[in-house]
Amino acid sequence: MDKSVEEKWQRKWEEAKVFEADPDEREKFFITFPYPYMNSAPHIGHAYTLSRVDVIARFRRMLGYNVLFPFAFHATGATIYGVAERLRKGDEDQKRALLVAGLPEEEIENFKDPVYIANYWRRIWERVLRKFGVSVDWRRKFITTEMFPPYSKFIEWQYLKLKEMGYVYKGTHPVVWCPNCKSPTGNADRIEGEEARVVEITLIKFKIDDLVLPTATFRPETIFGVTNLWVNPDHEYGIYLLGEEKWVLSDEAAFKLKEQKKDIRPTGERIKGRDLVGKKAKNPVNDTEIIILPAEFVDPNEGSGLVMSVPSHAPYDYAALLDIKREAKKLSSEYGIPKIEIERIEPISIIDLSSEGFGEHPAIEICAEMGIESQREVEKLEEATNKIYKKEFHKGVMKVEPYNGIKVSEAKVEVARNLISSGKAELMYDLSEEVVCRCGTKCHVKVIEDQWFLKYSDEDWKQKVLDWLDAMEIYPEEARAQMRNFVLELRDWAFTRRKGLGTRLPWDKEWMIETLSDSVIYMAFYTIAKHVNQGIGAEQLIPEVFDYVFLGIGDPSKVSNKSGIPKEKLLEMRREFEYWYPVDLRGSGKDLLSNHLVFSIYHHVALWPIDKWPRAYSVNGWVLFEGEKMSKSRGKVINLEEAIEKWGSDLVRITLASSGETLDDVDFREENLRTFESRLRRIEEYIELLGKMKGREIGRAERYLISRLQRNVKEATEMLKKTMTRSAMVRILFNPMNDLKWYFKRVGGIDKANGEVVRECLKKIVLMLCPYTPHFSEEMWSKLGGDGFASLQKWPEPDYSKINEKIEEQERLLSSLIEDIKEIKGLIESRGASTKKVKIFVASDWKYQTLSTLREKRNKEEVIKELMSMEEFRKRGMEVIRLVERLFKEETLPIITREEEIEMLREASDFISKETSLEVEILSEEEAKEEKELNKAKQSIPGRPGILLL
RNA sequence: GCGGGGGUGGCCGAGUCUGGCCAAAGGCGUCGGACUUAAGAUCCGAUGGCGUAGGCCUGCGCGGGUUCGAAUCCCGUCCCCCGCACCA
């Protein structure tokens, strides 16, 4: 599509303010796209979701809705801020990344200012989106953060509201922390340990008098099976004060605990691991004396640096025990432990795993099975540990009091809770694997204090969200379950950050409201953004204004006095909000499924009554380019503006919007784009050829074409209502084009086609394409002599009365007849014979009678009985029965009558002749004479005449 | 680990809820033909295998089962993808 043509229509739309939406008497449709983050230019990934949203917006507009599609820009968060900061520090990698992404060199200096960055991309976004032809009402644009103070006022109002309602509280929580960057380290900020998670470890306090030996474990329930403790003899431990208690800890563990806000102080005393060996500690659950033994597998970096030994259920412990026993003599002399103390250690079985075929000591069994004999067989031990851990966790049952009979998975939680609450254990956080920050520093878990939380765990609140999730429309349907489960698992949300751009928490200015939390209800802001942009100052946007406009609380005169906003304006804003809200459809990528979209429901549910909650969500997958994942790091992101320059907006739009409609990722391929290009070109050709189409008749072929078109219109309409932009495309473009092709062939050439019928057909196709290819459609619409903008035409209404099942069936029968003839012809000719003529025998009348009897009865015996009661059938005997048997196998019985079939074939005989290059003769079964003819004629059934090739 | 979703023809992708019209829509690709000096584009046709008459065989991850009949329902099994919070 010619670029200048696209620009022409964009200009015309703008001049005519086609997409500026204000309240009126029509039914409204409010559609939104999550505002994009301003750290890059739009790429085809954005454009995919965007094209789908715009298709729906334009479709709804054509359906007669007053459609509002606004747009805004998101700048909240630490990413933009981080880019600027890294540039200020002279980070070359950052600079290179920006240049690779296409940023002009001279902008680098400017990019040291985060506000500049956001504004820079924002200008580009708006420019590109206009080129993309999205039907946005730009009067309502805005950007988040304190860059645009009215927005901050809006956010402040929201959080004051939530606090008032008791949904906000202050607490602590653990994060993965980089001590160098002094900030939490998200998955994307890590060179190592992207999958790492914060895990909870129980530190169980064994004691030697008042000295605490905390052993770290993931399996607190095994405390009942402890036979000894393990210490690394070569390691030096420190003695720390934890509150009132004296703890033996590796220094690493002490550091971790300190970062986790435990009250921990060094005493300066040190103790060697080997000095602990042979000592006896008390098991806190039963006061038994537990001997401390040396083991080299104990890693001071993990947990506390001390471990309890449960050889019955932990392969490592059993393997170490084997080592120890083997060297009992040596140990005895080295550490002065009586040999007997070592020899008499016996595994204590506490978990029943017989359901999995294990006996008393699963760890021993698996070690034997895998041939593990020493703690040095690390690889095997890891595998064995994993296996046993999983099996016991899922299938194991406790067999010691007071947990006898309880599943391990439950006992584990119980035991830990009881130990901790009775002061016999402490909770410690650790990482499931090592994490290294992008800056190269090793990370650990830090507990952040004074953090502000949104109480998403609140039962009533959560329940309301779940209920609404069941009630609202979600496309595709499978997204619903995902969101639902996310809500069920959702804990409280830490919604403030120390760093980045955003809006400050109004009552605690040290904190910024984080990026997902300031974007939950901003769709409401669109409804008034137009007025704000016309000159309402941030200082006028006092909470009372929002209370009134969004919630209808307060007296407009008083609010006007206090805020200085004219009362009329306030009333208008209120009316506008009432008119547009709620959001009718929010279309997004699947990345927002398990966060933003859910949070948005949460906040709507909290602040508004049910009639303002979001009506529908539509979610789609990512875009691959030529089968490959786009990735910023590899510089393989397809910039939207470049794509538009290269291919034109319409082709990019239609290719994207037609590429998918589910959560699966889609593939953007140039070859697909070329397909659309060729189909569009063909439409244009057909339009140009309209003058040559001289047919006047409305015959079978025309009725078929019209019927098929109506069917496609109907299906496309239904699909677009469900945001199925891909499935709809098949009905809008591919099917109709194939039908037209058939039609032209059927009537014997373009010049014989009925121009008026084709024109109507093309008009409908052009209009239905308009949401996808608005520029092209506008251009074709004017070529077709249509009035006004195609974008503002009425969406073709399916005319059910023109859907003609009979005609469709007849054309189907015709086409399969031709296929059959061709197949036979091919077979004959493949052996060198030639063909010249086809005789077509329409079935005898009694066969049609059989068919209609069959259709009424649907029961073989009855049908046969009834037919056999008639002399005419009886005399045919087996022939009738065979036919009934055969028809019974056909699931769809033709609805055609004999007369219709004959008429259809007569009418189409020239066509058949042309298609098969054979002379055609239509006969009835009774007209068959010689044996060859009789044989073939006999095979005829209704809808499927006998064929004889000569 | 927990949760969600999948495995369909050379590829992408419908169909699965509501079993039969499904050798399986649509698109891509491939092959043959037309056009062209040629290539490309475009158009026409074919595209699971076999087949001297419209048929037959195989087939929707794998193995079983239910049924007159299964891509569709049930059981088992293997494999793959996505999310899991301080990244937006």
Side-chain angles (χ1 to χ4, degrees), chain A residues 34 36-39 74 76-80 82 173 175-176 183-189 195 197-199 386 389-390 393-394 432 448 451 456 476-486 488-497 500 514-517 519 590-596 621-622 627 658-660 662-667 669 671-672 674-679 681-682 685 726-727 729-731 733-735 738 741 745 809 812 816-817 819-833 888-894 932 935-936 939 944-949:
Chain A
Y37 189 62
M38 291 298 110
N39 70 334
H74 200 201
T76 311
T79 307
I80 295 173
H173 82 134
V175 295
V176 180
S183 70
T185 310
N187 293 6
D189 301 331
E195 304 293 304
R197 280 189 303 278
V198 173
V199 292
N386 256 324
Y389 181 97
K390 267 186 211 169
F393 182 81
H394 290 289
S432 58
I448 306 238
Q451 174 62 262
Y456 288 155
E477 185 56 42
E478 64 254 38
R480 194 190 302 277
Q482 255 178 78
M483 295 174 82
R484 192 184 161 75
N485 281 296
F486 174 73
L488 286 171
E489 299 291 312
L490 187 57
R491 307 195 301 268
D492 293 345
W493 184 261
F495 75 96
T496 53
R497 298 285 181 277
E514 64 88 38
T515 175
L516 286 162
S517 301
S519 59
K590 63 182 172 186
D591 48 334
L592 301 186
L593 205 68
S594 300
N595 46 59
H596 165 75
W622 309 123
S658 307
S659 62
T662 67
L663 296 181
D664 291 328
D665 295 346
V666 305
D667 196 3
R669 311 190 90 106
E671 66 199 26
N672 292 347
R674 295 296 170 209
T675 302
F676 286 111
E677 187 180 31
S678 86
R679 295 300 195 285
R681 191 178 305 145
R682 201 179 308 166
E685 281 164 17
R726 177 194 174 97
S727 303
M729 174 52 55
V730 174
R731 277 80 184 169
L733 186 61
F734 295 118
N735 288 350
N738 288 342
K741 202 161 104 180
K745 195 157 83 174
E809 180 188 55
R812 260 199 311 275
S816 65
L817 173 66
E819 268 169 39
D820 286 347
I821 297 172
K822 279 184 179 170
E823 189 184 345
I824 299 164
K825 186 172 184 248
L827 281 171
I828 293 173
E829 287 176 355
S830 71
R831 61 174 201 262
F888 243 97
K889 281 189 199 149
E890 306 279 326
E891 199 38 43
T892 29
L893 298 169
K932 256 190 349 193
N935 275 341
K936 296 304 169 191
Q939 287 182 28
R944 195 155 188 248
I947 301 166
L948 175 66
L949 258 74

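Order of the sequence lines fixes the chain letters, A, B, ..., with proteins taken first and strands second; residue numbering starts at 1 for each chain.
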Quiz prompt | Separation between CD of A/Q451 and CG of A/D492, rounded to the nearest 0.5 Å | solution = 11.0 Å
Quiz item: If you measure from CG on A/L593 to CZ on A/F486, what distance do you get to the nearest 0.5 Å?
Solution: 9.0 Å
Quiz item: B/A85 base stacked by A/W493? Criteria: ring centres under 5.5 Å, plane angle under 30°.
Solution: yes
Practice problem: Take atom C1' in B/G54 and the same atom in B/C68, then report the distance between them in whole Å. | Solution: 25 Å
Quiz item: Taking a pair as Watson-Crick or G-U wobble with both distances under 3.5 Å, which nucleotide is matched to B/G40?
Solution: none
Exercise. Using a heavy-atom cut-off of under 4.0 Å over every strand shown, decide if A/S517 touches base, sugar-phosphate, or nothing.
Key: nothing
Quiz item: So what's B/A46 paired with, Watson-Crick or G-U wobble, going by both distances under 3.5 Å?
Solution: B/U30
Exercise. Report the distance from atom CG of A/N595 to atom P of B/A85, rounded to the nearest whole Å.
Key: 11 Å
Quiz item: What's the CH2-C1' distance between A/W622 and B/C12, to the nearest Å?
Solution: 20 Å
Quiz item: Reckon A/D667 touches a base, only the sugar-phosphate, or nothing at all at heavy-atom distances under 4.0 Å?
Solution: nothing
Quiz item: Is it true that A/E477 and A/R480 have a side-chain N and a carboxylate O under 4.0 angstrom from each other?
Solution: yes
Quiz prompt | Nearest-angstrom distance from the residue atom CZ of A/R726 to P of B/C12 | solution = 12 Å
Quiz item: Distance between the P atoms of B/G59 and B/A70, in whole angstroms?
Solution: 12 Å
Practice problem: Describe the nucleic acid contact of A/L490 in one word from base, sugar-phosphate, nothing, applying a heavy-atom distance below 4.0 Å. | Solution: base
Quiz prompt | Whole-angstrom distance between B/C21 and B/C84, as gauged at atom P | solution = 42 Å
Self-check item: Out of B/G27, B/A88, B/C28, whichever nucleotide has its closest atom nearest the side chain of A/F734
Solution: B/G27
Self-check item: Minimum-distance nucleotide to A/T79 side chain [options: B/G26, B/G4, B/A88]
Solution: B/A88
Practice problem: May I ask you to test the A/D665-A/K590 pair for a side-chain heavy-atom distance under 4.5 Å? | Solution: yes
Practice problem: Could you tell me whether A/I821 contacts a base, only the sugar-phosphate backbone, or nothing, with contacts defined as non-hydrogen atoms closer than 4.0 Å? | Solution: nothing
Quiz item: Counting side-chain heavy atoms from CB outward, which of B/G29, B/G54, B/A85 is closest to A/I947?
Solution: B/G54
Practice problem: Identify whether any heavy atom of A/D492 sits under 4.0 Å from a base atom; if not, whether one sits that close to sugar-phosphate; answer base, sugar-phosphate or nothing. | Solution: base
Exercise. Write down the distance separating the P atoms in B/G64 and B/U58, rounded off to the nearest Å.
Key: 15 Å
Quiz item: When you measure from the side chain of A/Y37, which nucleotide among B/G83, B/A88, B/G55 comes out closest?
Solution: B/A88
Quiz item: Between A/N738 and B/G27, does any side-chain N or O lie under 4.0 Å from OP1 or OP2?
Solution: yes
Quiz prompt | P gap between B/C56 and B/G40, integer Å | solution = 41 Å
Practice problem: Classify the nucleic acid contact of A/G946 as base, sugar-phosphate or nothing, counting any heavy atom under 4.0 Å across all strands shown. | Solution: base
Quiz item: When we call it a touch if two heavy atoms are under 4.0 Å apart, what does A/P476 touch: a base, just sugar-phosphate, or nothing?
Solution: nothing
Exercise. Let me know the distance between CD of A/E671 and P of B/U30, rounded to the nearest Å.
Key: 9 Å
Exercise. Could you state the atom-to-atom distance from CG of A/L663 to P of B/G83 in whole Å?
Key: 12 Å
Can you give me the N/O atom pairs linking the protein to nucleotides 40-48 of chain B at distances under 3.5 Å, or say none if there are none?
{"from": "B/C43", "atom 1": "OP1", "to": "A/R682", "atom 2": "NE", "distance (Å)": "2.8"}
{"from": "B/C43", "atom 1": "OP1", "to": "A/R682", "atom 2": "NH2", "distance (Å)": "2.1"}
{"from": "B/G45", "atom 1": "OP1", "to": "A/K745", "atom 2": "NZ", "distance (Å)": "2.6"}

Quiz item: At under 4.0 Å, does any side-chain N or O of A/S727 touch on OP1 or OP2 of B/A14?
Solution: no
Quiz item: Should the pair A/R681-A/E685 be classified as a salt bridge under the 4.0 Å nitrogen-to-oxygen rule?
Solution: no
Quiz prompt | Gap in Å between the two P atoms, one belonging to B/U72 and one to B/A23, rounded | solution = 14 Å
Quiz item: Side chains of A/T76 and A/E514: donor-acceptor distance under 3.5 Å anywhere?
Solution: no
Exercise. Would you kindly give the CZ-to-P distance between A/R491 and B/C2, to the nearest whole Å?
Key: 16 Å
Quiz item: CZ of A/R682 to NZ of A/K741: how many Å apart, nearest 0.5 Å?
Solution: 6.0 Å
Quiz item: Taking any strand in view, what nucleotide pairs with B/G59 in a Watson-Crick or G-U wobble way, both distances under 3.5 Å?
Solution: none
Quiz item: In the structure shown, which nucleotide is the Watson-Crick or G-U wobble counterpart of B/G3, with both distances under 3.5 Å?
Solution: B/C82
Quiz item: What is the distance, rounded to the nearest whole Å, between atom CG of A/L592 and atom P of B/A85?
Solution: 16 Å
Exercise. Would you kindly give the CD-to-C1' distance between A/E489 and B/G4, to the nearest whole Å?
Key: 12 Å
Quiz item: Per the atom types in the model, does the base of B/A25 pair as donor or acceptor with the side chain of A/N735 at under 3.5 Å?
Solution: no
Self-check item: Closest to the A/N672 side chain, choosing from B/G3, B/G27, B/A25
Solution: B/G27
Practice problem: Would you mind telling me which residue lines up with the more 5' stretch of RNA chain B, A/E478 or A/A494, judged by nearest nucleotide? | Solution: A/E478
Exercise. Check every strand shown and say whether A/A479 touches a base, only sugar-phosphate, or nothing at a heavy-atom separation below 4.0 Å.
Key: nothing
Exercise. Measure from the side chain of A/L827, starting at C-beta and using heavy atoms only, and say which of B/A88, B/G54, B/A53 lies closest.
Key: B/A53
Quiz item: Checking all strands, does A/H596 fall into the base, sugar-phosphate, or nothing category for heavy-atom contacts under 4.0 angstrom?
Solution: nothing
Quiz item: Less than 4.0 Å between a side-chain N and a carboxylate O, is that true for A/K822 and A/E819?
Solution: no
Quiz item: What integer number of Å spans the C1' atoms of B/G6 and B/G15?
Solution: 15 Å
Quiz item: Starting at the 5' end of RNA chain B, which residue's closest nucleotide do you reach first, A/L948 or A/D591?
Solution: A/L948
Practice problem: Examine the base of B/G51 for any acceptor or donor lying under 3.5 Å from a partner atom in the side chain of A/E823, and report the outcome as yes or no. | Solution: yes
Quiz item: So how far is it from A/K936 NZ to A/Q939 CD, rounded to the nearest 0.5 Å?
Solution: 5.0 Å
Quiz item: Quick one: CG on A/L490 to CE on A/M483, what's the gap to the nearest 0.5 Å?
Solution: 11.5 Å
Self-check item: A/H74 and A/Y37 aromatic ring geometry - parallel, tilted or perpendicular at 30°/60° bounds
Solution: perpendicular
Quiz item: When rounded to the nearest Å, what value does the distance between C1' atoms of B/A71 and B/G9 take?
Solution: 12 Å
Quiz item: Using a cut-off of less than 4.0 Å, is there contact between a side-chain N or O of A/T675 and OP1 or OP2 of B/C28?
Solution: yes
